[in-house]
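Below is one structure, written out as structure tokens; the observations come after it.
Letters A, B, ... mirror the listed sequences (proteins, then strands); counts begin at 1. All values below come from the heavy atoms of this structure, side chains included, with hydrogens, waters and symmetry mates left out.
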Amino acid sequence: MSTPIIAKFAVRTLGRNVRRTLLSVVGIGIGVAIAVFMTAFMRGSTQMRVRAIAESGFGHVKVVPAEWERSRDNDLRLVDWEAELAVVRATRGVKAAAPHARSTALLGFGTRVAGVEVLGVDPVAEAETSRLVRAVVEGRYLKDGDRDVAVVGRTVTDRLEVELDDDLLLTVVSKGGEMEYAMLRIVGIIETGSRDMDASICHVMLEDVERLTGRAGAGDISITLDDPLRMDTAVSRLRAVVSPEDDVLTWMVVVPAQGGDYKSDKGFMNILAGTVLVVVILGIAGAQLTAVLERRREFAVLIALGMKASQVVRLILLEAVVMAVMGAGVGLLFVWFPLHQTATKGIDFSTMMGGDLAMSGVLFDPIMYSVPGLWVLPYAFIIAFVSTLIAAIYPAVFALRTDPTSALSLREA
Amino acid sequence: MQDVLVGASAVTKDFHVGKITVNALRGLDLDIHKGDFLAIVGPSGSGKTTLLNLIGALDTATGGKVEVFGQDLSGMSRRERAELRLRSLGFVFQAYNLVPVLTALENVEFVLELRGEDGGRRATAMSVLEDLGLGELADRRPNEMSGGQQQRVAVARAVAAKPRLVLADEPTANLDSENGESLLKMMRQLRDEHDMTFVFSTHDPLVVAYASRVVTIRDGKIVSDIRKNSGEEAPGEGVEVRRKGTEPPGDGTEVN
């Protein structure tokens, strides 16, 4: 089967003004490259953020008492945490689950005190879910069988002027409203790179928190998922198996500041990429319109010969599609190097973050990576096609308005 | 009585240029019959091209009625008029207006493609070119052909789909006498062999000489309509022909 003449017409037309076609293709390529790069980087940034949140003790999702979302009260406890932990771990899509019991407390050493949020943990589960376990710089993390020991942040030890193996006085308010005391030996010191975050770290055994506060059980179960992108499915599954008096919340609800940042970052990137594409679309539309204006007599003749509106539009859109294919190719060429660099070496934001890598209790990685993949290929072509076709709409409409009577006169169309 | 292909009665056409209304056609009546080799002549601005636009369904009349093949054009949509042009009309333009990026063969084939013809399209286009003695030009693009060659290919494009009526706007204006005459012979042969009807808007005495019927328009009205005894006269026979710039004023058959 021979190539339709209309296709030859479209392709060869682009060769009439090579400079204009090349400029348009480069314009599309730049737009595609920016959109691909931003999307790849946004994916990397989102993955990094979600991983950082999950590994900072919040999990991807969390089982909490139903009341917790409203009150944010650390004294609330799950109905039957051990049974819930078992069913959660057995749920499809759950990678790891770690129970926590929290309480506000004062740490004292001599005349010096520091306010902290004591976190009661299961050390084995915590090692599977929390990056803080790997941030121990002196001593060790908690282990099964420990009692009356603590792992604290570097800022805490600095403020209290204590060191490894010193005994801290822990004061908490019990369930009955009475002050409870315990002596905790420091077995490990955590240094996250964020002094603010280090100032609030005090990990103890879950049983110690139960005993001191008089509140049995865990207050939440932090869950990491096999596929964080399928968080909504996981939430539905988990809600079906946990007690009706408990709830399953996503990290966006648990850490609303991060949820807001995520949404605003995503929105900003989308607006930025959208703005770039709009500029590109306007540029292409301008070039296409000029090309149509130059060919008004030609369109008048074609319409006079009986070319239908749909055929005129098809011709112009075909020209746009050819440019889109070339533009997508050029865009992929442009973006290959920056994408490769940021995917393998990343961009180090530690200087920009002022050395403080924590926000809202989340410990971030200082280096962000882009996450390219095979999706880049269809994505680049879709972006190029959509933007070029949008850009071609007005010139096509303009061509349709050509007065065919101008074909029979020497007047300009 | 010959078949009437085009019937125009009391046709008016007004154009608005700013606040001024130009009456291009003022109650024009004309029947075009099957087999006519009709030249429409008249001074510039007399309404020749406007009339051709109306007959060719490129424009609609302000008043009166234009019927082409019995169909009233005023009641037709833009799409229907496009369909009519594609199926039943052929156009030849003064400036040839071939698609510059297509070869001669592709230019002819393109019209067939627009008509939705599939199998054998290329063969049909080639056969049209060869019938008109243009086979050797098939692979040439317009910029590789002379004006005369381009206009002959334009005729091939116009007649490829075997239209019943071919409208030609000053087809010889850009050609020398030799090429002009060759083109007219080709078109008259097409009329004779394929039962086509040709209507020319022209200033060229040569076209008038070849025409079987000459209609003169002045100020939007027909001032004379001369039918020769047959369309086979040699140039100059049956009508006074003068080249441009030498014509006497006021004659019903004058060529401007």
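- Heavy-atom distances place no part of A:Leu14 under 4.5 Å from chain B, backbone and side chain included.
- At distances below 3.5 Å, not a single donor-acceptor pair connects side-chain atoms of B:Glu113 with backbone N or O atoms of A:Pro4.
- Atom CZ of A:Arg230 has 12 or fewer heavy atoms from other residues, nucleotides or ligands within 6.0 Å.
- Interatomic distance, A:Thr405 OG1 to B:Leu58 CG, rounded to the nearest 0.5 Å: 7.0 Å.
- Within 6.0 Å of the CZ atom in A:Arg16, the count of heavy atoms belonging to other residues, nucleotides or ligands exceeds 12.
- Not a single donor-acceptor pair under 3.5 Å links the side chain of B:Arg81 to the backbone N or O of A:Gly306.
- With a 6.0 Å radius and a threshold of 12 heavy atoms from other residues, nucleotides or ligands, B:Lys162 has its NZ atom above the threshold.
- The part of B:Arg157 that comes within reach of chain A is its side chain, from C-beta onward, which places non-hydrogen atoms under 4.5 angstrom from that chain.
- Rounded to the nearest 0.5 angstrom, A:Leu305 CG and B:Asn97 CG are separated by 8.5 Å.
- When all heavy atoms are compared, the tightest approach of A:Leu400 to B:Arg78 is O-NH2, 2.7 Å.
- The pair A:Lys8-B:Glu109 fails the salt-bridge criterion, with no side-chain N (NZ, NE, NH1 or NH2) lying under 4.0 Å from an Asp/Glu carboxylate O.
- Between the side chain of B:Glu106 and the main chain of A:Ile5, no donor-acceptor pair closer than 3.5 Å is present.
- Nearest approach of A:Arg12 to B:Thr103, heavy atoms of both residues: NH1-N, 4.2 Å.
- Between B:Phe110 and A:Leu302 there is a side-chain heavy-atom pair separated by less than 4.5 Å.
- Of all non-hydrogen atoms in A:Ala304 and B:Phe93, the two that sit nearest each other are CB-CZ, 4.1 Å.
- Atom CZ of B:Arg115 sits about 15.0 Å away from atom CE of A:Met307, to the nearest 0.5 Å.
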